[in-house]
Amino acid sequence: MRQIIPFVARLNDAETAAWIAALSMAMPQERIVTFQQLSAEERVAATVAIVANPDPTQIDQLPALQWVQSLWAGVERLLTELRNPSIGIVRLEDAQLAATMAEAVLAWTLYLHRDMPAYAAQQRARVWHALPFRLPCERCVAILGLGHMGARAAQTLVANGFEVIGWTRTAKIIEGVKTFSGVATLNNVLSQADIVVCVLPLTADTRNLLNENRLAHFKTNAALINFGRGAIVNTLDLITALDRGTLSHVVLDVFEVEPLPAESALWQHEKVTVLPHISAPTHHGSAAKVVAENVARYRATGAMPKTVNRRVGY
Ligand code: NDP
Ligand code: OXD
């Protein structure tokens, strides 16, 4: 008999149906149903659930739950909302997601490298003027976070000729990338970069990390790309740095409040590019395959996939 996996999500009906279809196709031996479709016995029996921004009160009604598989890479909200430490939280670690993020990092790095914001402004003002040209190897890009997202992005930038440096919590070796670790090295990293790319998770240590103090260490005219989480950057301090001319431009894909409220000053700022959290959209088919492999291993061996370290927060 097929075993049941609850799909616990706060998504609209179309998104829920699309996920259940992709997951069911990747795991024909499992029956994946919404929380509401579970019988009382099925709620009591479920040991694994697949979650996308789940209602924590529904998770509380699954008493045998051993682990949840998140469909997102970032798990800061799950860590806050699922307080029961005996439930393991498994992040989405999908090579396709990392490739998509690396493509976005390259795209927006090129946007800044080839001065597209400045040329767009010149066009609006009917100005015909060539800005100084630099080679990619003359442009230093610092990647904050060299995990699944950042490591692939760093390699992609190296392959495209950029000078790449990277910053992590623990020491890392990546070919072609000069790496630094620990908070004591951050100012040094920031001060070397023409473009800083943030792909950090939101944790107690990274919240408000890029504040007035840190922004003061950026090179004059440096640019920032934030694809990690909005609360890592202090928005007011960022706007001050842009207005003072310390930073030339920022590309923001993530915000403390999403969707970005209509009244936010970021929408209108000429030195800000606002993106609606699209740098690395999850692909249903590839994510479902990753989840299916995790579930199959668990069913065969009883071994849970690697879970998030609740102490460090990622
Ligand atoms: P990983 O857990 O694989 O990597 C996290 C990286 O951040 C690691 O290199 C880690 O260091 C580093 N890090 C964490 N805390 C610190 C710290 N205090 N100081 C220095 N470095 C630190 O995560 P992913 O790469 O898979 O994802 C990263 C984040 O990207 C997600 O949490 C999510 O917020 C965001 N994301 C955004 C998407 C979007 O569409 N905008 C899509 C997907 C993800 P170490 O290597 O030492 O552990
Ligand atoms: C994620 C995201 O964390 O989309 O997967 O931001």
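We count ligands from 1, going down the list as the structure has it; atoms in each ligand are counted the same way.
For the residue pair Gln69 / Asn294, a side-chain donor-acceptor distance below 3.5 Å is found, with atom types taken as modelled. For the residue pair Asn211 / Asp237, no side-chain donor-acceptor distance below 3.5 Å is found, with atom types taken as modelled. For Tyr314 and Thr206, the side-chain atoms include no donor-acceptor pair closer than 3.5 Å.
By the criterion of a heavy-atom distance under 4.0 Å, neither the backbone nor the side chain of Val75 is placed next to ligand 1. Proximity of Val183 to ligand 1, defined as any heavy-atom pair under 4.0 Å, is not found for any part of the residue. At a 4.0 Å heavy-atom cut-off, ligand 1 touches Asp253 through the side chain alone. At a heavy-atom distance under 4.0 Å, only side-chain atoms of Met101, from C-beta outward, approach ligand 1.
Near Ser279, meaning under 4.0 Å from one of its heavy atoms, ligand 1 places the atoms 39 (C), 40 (O), 41 (N). Remark: ligand 2 atoms within the under-4.0 Å shell around heavy atoms of Ala73 are 1 (C), 3 (O), 5 (O). Of all the atoms in ligand 1, the ones that sit under 4.0 Å from a non-hydrogen atom of Asp205 are 18 (N). If you number the atoms of ligand 1 from 1 as listed, the ones under 4.0 Å from a heavy atom of Leu200 come out as 7 (O), 12 (C), 13 (N), 21 (N), 22 (C), 29 (C), 34 (O). Close contacts between ligand 1 and His277 involve ligand atoms 39 (C), 40 (O), 41 (N) [criterion: under 4.0 Å to a heavy atom]. Taking every non-hydrogen atom of Val199 and a distance limit under 4.0 Å, the qualifying atoms of ligand 1 come out as 28 (C), 29 (C). Residue Ala73 has at least one heavy-atom neighbour below 4.0 Å for each of these atoms of ligand 1: 43 (C), 44 (C). Atoms of ligand 1 lying under 4.0 Å from any heavy atom of Val254, numbered from 1 in the order shown and given with element: 41 (N).
Because its NZ or CZ atom is both nearer than 6.0 Å to the ring centre of Phe35 and within 45° of the ring axis, Arg43 counts as a cation-pi partner of that residue.
For the pair Lys306 and Glu93, the salt-bridge criterion is met [side-chain N within less than 4.0 Å of a carboxylate O]. Salt bridge present: Arg134 and Asp194 bring a charged side-chain N and a carboxylate O closer than 4.0 Å. With respect to the salt-bridge test (charged N to carboxylate O, under 4.0 angstrom), the residues Glu76 and Arg229 qualify. A salt bridge is defined here as a Lys NZ or Arg NE, NH1 or NH2 lying under 4.0 Å from an Asp or Glu carboxylate O, and Arg31 with Glu42 meets this definition. Between Glu293 and Arg299 there is no salt bridge, since no side-chain nitrogen of the basic residue lies less than 4.0 Å from a carboxylate oxygen of the acidic one.
Remark: among candidates Arg229, Met149, Glu76, Arg91, the nearest residue to atom 1 (P) of ligand 1 is Arg91, based on non-hydrogen atoms.
Polar contact with ligand 2: absent for Thr282 (N/O pair, distance under 3.5 Å). At under 3.5 Å, not a single nitrogen or oxygen of Leu97, backbone or side chain, sits near a nitrogen or oxygen of ligand 2. Residue Leu71 has no nitrogen or oxygen atom sitting less than 3.5 Å from a nitrogen or oxygen atom of ligand 2, judged on distance alone. Geometrically, ligand 2 and Arg229 share a nitrogen or oxygen pair separated by less than 3.5 Å.
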Subject >> His277/Phe255 under ring-ring contact (aromatic ring centres under 6.0 Å, His included): CA gap, chis, key distance, verdict >> reply: CA-CA 8 Å; His277 202 134; Phe255 302 89; 8.8 Å; no
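Within the 4.5 Å cutoff, side-chain heavy atoms of Leu106 are placed close to those of Leu157.
When only non-hydrogen protein atoms are considered, atom 6 (O) of ligand 2 lies nearest to His277 NE2, 2.6 Å.
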